[in-house]
Amino acid sequence: MSRTHDRRTVVAKRSATTPVETAEIRALIRTAGDDVVAEVTQAGPEDAGTYFGRGKVRELAETATDRDAQRVVVDGELTPSQHHALESMIPDGTAVVDRYRLVLEIFEAQAGTRRAQRQVELARLRYDLPRLIESADEGALNKGTEKGSPVYDVRDRIDRLEQTLEELPNPAEQFRRRRREEGFDLVTIAGYTNAGKSTLLHRLADDLSLEESRADQETEPADSTENATATVADRLFETLETTTRRATIDGRPVLATDTVGFVDDLPHDLVESFSSTLSEAAAADVVVLVADASDPPERFRDRLEVSLEVLAAQGVDDDRIVPVLNKVDRLSKDERTGRLERALGCLPASTADPIPASVLEGTNLEALRTAIRDRLPTASATIRMPNCDEAMALVSEAYDRTSVESVDYDGSEVRLECRGRPSVLERFRSRAAALTR
């Protein structure tokens, strides 16, 4: 989704913010459609009342006035009281938005389906309610339970949205159930935003390429659905919807899904409140966890640990995870060794060995495909059946649903050897047995 960057914004942050973290908040602001016109940095501890010290707040107010800023974005989480106090000290007409509220805005703009739109609205109202209460005067608070008051209206809307979401069908669950019934294996690609997930989907998918993805950045809308094309633009939250494409792994058809990326310092229960994307990982046969190996060492380890915690909270078994240490082309030999050692230090023993890779350059992709294949539920079958039209139909379906080892035609008999999902092979055996009766 292209945006017009015409809203002037001042970034307010604390000195503890690293250059990488500063780059991320700038990327979030760009994604929201704002232009950064100035930065103000607080040196020292957080102020309990206003987040920044009063002297720094005065500087922030002066900067907003001098730069004609429409809003101030704080790179952190403001409590309701801090937000109210800070906004009261900033010039009229300049809004104060913290990091969490900024992300909610981006998700709200990107939500393409009815379910996603309702989920985002619910998350926003839950976030806004305590701030509305904090900014209300005592008289308004006394009317908080009366119909027609702002607080009551928000609470009522939250209740109605929760009920609506319970009643709406979950398209992701319907999709997974249908694909399971058709015999497809499911592979989910998870990890932080801009770690290379969408690029990996383009590498794996049968009908996508990196060249096509560059054209997609210019022509495709951001409200992707299950079968939409994944773009690989260097911007955050390209879409809220998961993107699924067919891929062939060692001759075996799978469905690969690129999910919404994680973001630093954002509570993941907030993400879960308005997106079903993480549930894709829980339903998958294999989860490819992509980590950006070019991140600074501590950040790399921290993000890998958080990703593992999020997957564990979704019920993903360790032995279904294939870790990919992406962007190693940006590292020296010693740096690669260091990242690998850090990964081994925090990965559970039952995960696949971490795979150093450059998805963009195509390095080690075959090792990745092998690791995915080794973790797919697999069985082998030798199926004999009469040589007839129904048998030919079964052989054709076997090529579409399994990895076919061989097909032999011996007079009146067809002998099929294939590998694939156990449930699919069992269905083939039953159909072949029916042909011999």
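The figures that follow rest on heavy atoms only: side chains count, while hydrogens, waters and symmetry mates do not. These figures come from a predicted structure and were not determined experimentally. The residues of the chain are indexed from 1 along the displayed sequence.
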Results of side-chain contact (heavy atoms from CB on, under 4.5 Å) for Arg401 - residues two or more places apart only: Glu182, Phe184, Arg246, Glu397, Val424, Phe428
For residues Ile106 and Leu28, determine if any side-chain heavy atom of one lies less than 4.5 Å from a side-chain heavy atom of the other. yes
Under 4.5 Å between any side-chain heavy atoms of Val187 and Asp285, yes or no? no
For Asp34, the option from Arg26, Arg71, Arg8 that meets salt bridge (Lys or Arg N to Asp or Glu O under 4.0 Å): Arg71
Excluding sequence neighbours, so at least two apart, what forms side-chain contact (heavy atoms from CB on, under 4.5 Å) with Thr50? Asp47, Val57, Ala85, Met89
Is it true that Arg252 and Thr378 share a donor-acceptor pair across their side chains at a distance under 3.5 Å? yes
Are there more than 12 heavy atoms of other residues, nucleotides or ligands under 6.0 Å from atom CZ of Arg157? yes
If we only count heavy atoms from C-beta on, is the Glu105 to Arg124 side-chain gap below 4.5 Å? no
Atom pair CG (Leu344) and OG1 (Thr351), whose distance is rounded to the nearest 0.5 Å: 8.5 Å
For the residue pair Lys197 and Tyr192, establish whether any side-chain heavy-atom pair is separated by less than 4.5 Å. no
Closest heavy-atom contact between Arg421 and Pro377? NH1-CG, 3.3 Å
All heavy atoms of Arg101 vs all of Val97, minimum pair found to be CB-CG1, 3.7 Å
In sequence, state the C-alpha distance, the side-chain angles, and the governing distance for Glu162 and Arg126, and then conclude on side chain to side chain contact (heavy atoms under 4.5 Å, CB included). CA-CA 11 Å; Glu162 289 174 340; Arg126 285 173 173 168; 2.7 Å; yes
Evaluate Asp206 against Arg245 for side chain to side chain contact (heavy atoms under 4.5 Å, CB included), listing each step before the verdict. CA-CA 8 Å; Asp206 294 339; Arg245 308 299 288 190; over 6 Å; no
Can you check salt bridge (Lys or Arg N to Asp or Glu O under 4.0 Å) on Glu59 and Lys56, steps first, answer last? CA-CA 5 Å; Glu59 179 186 342; Lys56 189 58 62 176; 2.8 Å; yes
What residues, two or more places apart in sequence or in another chain, satisfy side-chain contact (heavy atoms from CB on, under 4.5 Å) together with Arg342? Pro297, Glu298, Phe300, Arg301
How far does CG of Leu289 sit from CG of Leu304, to the nearest 0.5 angstrom? 6.0 Å
Indicate yes or no: at least one non-hydrogen side-chain atom of Glu305 is less than 4.5 angstrom from one of Asp302. yes
Okay, side chain of Arg339, backbone of Asp295: is any donor-acceptor separation there less than 3.5 Å? yes
Cationic N near anionic O, under 4.0 Å, Glu167 to Arg118: no
Nearest 0.5 Å, please: how far is CG in Asp153 from CD1 in Ile158? 11.5 Å
To the nearest 0.5 angstrom, please state how far the CG atom of Leu104 sits from the CG atom of Asp128. 8.0 Å
Below 4.5 Å, heavy atoms only, C-beta onward: do Leu200 and Leu365 meet side chain to side chain? yes
Check Thr259, Asp258, Thr257 against Thr244 for a side chain to side chain donor-acceptor pair (under 3.5 Å) and give me the one that passes. Thr257
Is there a side-chain contact between Val290 and Val288, using heavy atoms and a 4.5 Å cut-off? yes
What are the two closest heavy atoms between Glu77 and Tyr51, and how far apart are they? O-CE1, 4.0 Å
Arg203 side-chain N/O to Leu360 backbone N/O, donor-acceptor pair under 3.5 Å: yes
Minimum heavy-atom distance between Thr94 and Ala69, given as atom pair plus value: OG1-O, 3.1 Å
Check whether any side-chain heavy atom of Gln163 lies under 4.5 Å from a side-chain heavy atom of Asp159, and answer yes or no. no
Arg131 side, atom CZ; Ser81 side, atom OG - distance, nearest 0.5 Å: 9.5 Å
Ignoring hydrogens, what is the shortest heavy-atom contact between Ala190 and Leu311? Give both atom names and the distance. CB-CD2, 4.3 Å
Is the count of non-hydrogen atoms from other residues, nucleotides or ligands lying under 6.0 Å from Arg58 atom CZ greater than 12? no
